[in-house]
Amino acid sequence: DINGNILDVNDSYCKMIGYTREEIIHMTIPDIESMETQTETAQHLRKIVEQRGDRFETRHRRKDGRTIDIEASVNYMELGSGYFFAFLRDITARKAAEKTIQRVNTALRTLSEANHALLHTNDEQELLDRICKIIVNNGGYRLAWVGYAEHDEGKTVRPVAYAGYEEGYLEKLNITWAETKYGMGPTGNAIRTGKPSVARKMMTDPTYIPWREEALKLGYTSSIALPLIAEGKSLGALNIYSSDKASFDTEEVKLLNDLAENLSFDIMGIRMKAEHNHILQELIKAEERLRHLLISNPAVIYSARADGDYGATFISENIHEQLGWRSSDFIGDSGFWAKNIHPDDSQRILTDFPKVFDHGIHIHEYRFRHKNGSWRWMHDEMKLIKDREGKPIEIVGYWVDITNHKQIEEELLETKANLESTVAKRTEQLVEANESLKTTIVELEQRNQESTLINEMADMLLVSTRQFNNEVQHLGSRKEKC
């Protein structure tokens, strides 16, 4: 009636709403209306009276507490005090399908925008930030964040990017991917299993107890964690929160999982590119260092073919400083090396060259023509490179200019010869002096013997003289006595 009292219903509506006819005819429209307040319902009825009718969508509350979507076509007729005649149709399935299509379309737009970001972002942190913003701004979700799985003792999950209504929520999570109380939620499950994990009813989901209070304060009612898989291992998880309990149906999950897979692929692509760039930079540095060493090193590095004419395939640039020639002089003419070996060394060197194939290593020294026409002594050490089957691939080696060494060697030999000659002459002189000394010693010994004999004769003469004097004195004494 005009006051909103329900006067009569058919059996179809009773089945739709869950009440019996007897129960319903004692109820009013506000008793079953779930979208409008009592005041709004009264205003709506007055509007229908003015327009003589209305067609609209609303929601009715069933006896079991669930609500259903209703399409209402209401007409007003002035019979007595006035009556409303309503034709109602349950459109819950249609509305659910529409919401599903809407969510899927939103997810598709989000996926499309995310793929665009993936194609045009080369920095990992920038990519994660952009993806989270796209999910929130384009997808209409409450919060999106990415957490990386740490391989520390506690198997913690480290938030690295987020967007949306967060209000310090991530700082309080204390999420892990270990099989503990803080690892049994969607994030920990997704990382451990490598599969999407959905919490559609945070209010009653027992695995969400550690975070439920904070989540409900921020308006989160459902969430999904999507694993970020690379090379068969979980890097972490993409986490999305919604204020809609109906979020994350099968098709929506599939599309969001596609987004996560694309994100995982791009993360690894960025990392591989960064690693490639790092390796490239290191190779450039190594090449520069090698080039510097080759230029500044006194040794000339070379490579040559291991068959045919054994022509040079590479000569380090310092050949110019060593011998005045250019690398191109050797590489451009396969016979250049042999033609510039000293004629006195050429036959020996070319004859011994095949020894490198017998022993794998060969060392020889020879004179090589400098571009200015002079000859330089070269120490040449070569090695044969073979493949896994033992087949010769290449000859590599190095030259060192030993001209100064050879000159010093010759000077030492000359000095040695001069010294030996001087020593021989001095030895001869010493031998002659020794012979002269021996003669002198013999003469001195003879003279010493003669001197000894003279001294003995003098002593004998002195004794004889003394005896003679004594006898003379004795005879004189006797004469005086006589």
Side-chain angles (χ1 to χ4, degrees), residues 57 59 66-71 89-119 127-128 130-147 161-165 184-208 215-216 218-230 232 234-268:
E57 293 179 1
R59 294 180 67 82
R66 293 187 297 113
T67 59
I68 58 175
D69 291 290
I70 296 293
E71 181 183 72
R89 185 160 62 100
D90 186 351
I91 59 170
T92 303
R94 191 193 80 187
K95 296 294 287 186
E98 288 176 353
K99 284 187 176 181
T100 299
I101 292 172
Q102 182 181 6
R103 286 195 298 271
V104 169
N105 287 336
T106 300
L108 283 171
R109 288 194 299 271
T110 303
L111 179 60
S112 176
E113 188 66 24
N115 287 338
H116 179 78
L118 294 173
L119 291 172
L127 174 66
L128 298 176
R130 287 187 65 181
I131 291 299
C132 288
K133 288 178 181 178
I134 289 170
I135 290 172
V136 171
N137 296 336
N138 293 64
Y141 296 100
R142 190 75 168 165
L143 172 69
W145 67 279
V146 174
Y162 80 92
Y165 192 64
M184 302 309 292
T187 306
N189 284 329
I191 293 174
R192 279 196 310 276
T193 64
K195 298 178 180 180
S197 181
V198 182
R200 291 188 175 86
K201 297 180 180 180
M202 289 184 180
M203 182 70 74
T204 57
D205 191 333
T207 65
Y208 227 90
L216 295 178
L218 297 172
Y220 312 147
T221 59
S222 59
S223 73
I224 184 172
L226 303 152
L228 300 175
I229 307 295
S234 291
L235 300 175
L238 169 63
N239 304 273
I240 303 173
Y241 294 67
S242 175
S243 57
D244 185 355
K245 296 178 182 179
S247 292
F248 311 123
D249 58 24
T250 303
E251 192 63 27
E252 186 178 2
V253 169
K254 181 179 181 301
L255 291 171
L256 292 175
N257 195 50
D258 288 345
L259 188 157
E261 289 179 355
N262 292 342
L263 177 60
S264 301
F265 181 80
D266 216 55
I267 289 172
M268 290 308 298

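Residues take their numbers from the sequence shown, with the count starting at 1.
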> Considering residues at least two apart in sequence or located in another chain, which fulfil the side chain to side chain donor-acceptor pair (under 3.5 Å) criterion with Glu261?
Replying inline: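 Checked Glu261 against side chain to side chain donor-acceptor pair (under 3.5 Å); matches are Asn257.
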
> Taking only residues two or more places apart in sequence or in another chain, which ones pass side chain to side chain donor-acceptor pair (under 3.5 Å) with Ser222?
Replying inline: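 Not a single residue meets the side chain to side chain donor-acceptor pair (under 3.5 Å) criterion with Ser222.
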
Any side-chain heavy atom of [X] sitting closer than 4.5 Å to one from [Y]?
X      : Y      : result
Asn239 : Leu143 : no
Leu256 : Leu238 : no
Arg192 : Met184 : yes
Met203 : Thr221 : no
Pro196 : Pro227 : yes

>> Cation-pi check for Tyr165 against Arg142: NZ or CZ below 6.0 Å from the six-membered ring centre and within 45 degrees of the axis, yes or no?
In response: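 Yes.
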
For the residue pair [X] and [Y], what are the closest heavy atoms and their distance?
X      : Y      : value
Ala237 : Thr187 : CB-CG2, 4.1 Å
Ala190 : Ser234 : O-OG, 4.2 Å
Ile70  : Asp90  : CD1-CA, 4.2 Å
Leu228 : Ser264 : CA-OG, 3.0 Å

For the atom pair [atom1] ([X]) and [atom2] ([Y]), what is the distance rounded to the nearest 0.5 Å?
X      : Y      : atom1 : atom2 : result
Leu226 : Leu259 : CG    : CG    : 8.0 Å
Lys133 : Asn138 : NZ    : CG    : 12.5 Å
Ile68  : Thr92  : CD1   : OG1   : 5.0 Å
Glu71  : Arg94  : CD    : CZ    : 5.0 Å
Ser247 : Tyr220 : OG    : OH    : 14.0 Å

I'd like to check the salt bridge (charged side-chain N to carboxylate O under 4.0 Å, His left out) partners of [X]; sequence neighbours left out, ordered by chain and number.
X      : result
Lys254 : Asp258
Arg59  : Asp69
Asp205 : none

>> Among residues at least two apart in sequence or on other chains, which ones pass ring-ring contact (aromatic ring centres under 6.0 Å, His included) with Tyr162?
In response: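 If we apply the ring-ring contact (aromatic ring centres under 6.0 Å, His included) test to Tyr162, skipping adjacent residues, there are no hits.
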
> Taking atom types as modelled, is there a side-chain donor on Asp244 or Ser242 under 3.5 Å from an acceptor on the other?
Replying inline: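 Asp244 vs Ser242: no donor-acceptor pair found between side chains.
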
> Per the side-chain contact (heavy atoms from CB on, under 4.5 Å) rule, which among Ile131, Leu128, Asn262 passes with Ile267?
Replying inline: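 Among Ile131, Leu128, Asn262, the one that satisfies the side-chain contact (heavy atoms from CB on, under 4.5 Å) with Ile267 is Leu128.
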
> Taking it one step at a time, do Leu216 and Tyr208 satisfy side chain to side chain contact (heavy atoms under 4.5 Å, CB included)?
Replying inline: CA-CA 11 Å; Leu216 295 178; Tyr208 227 90; over 6 Å; no

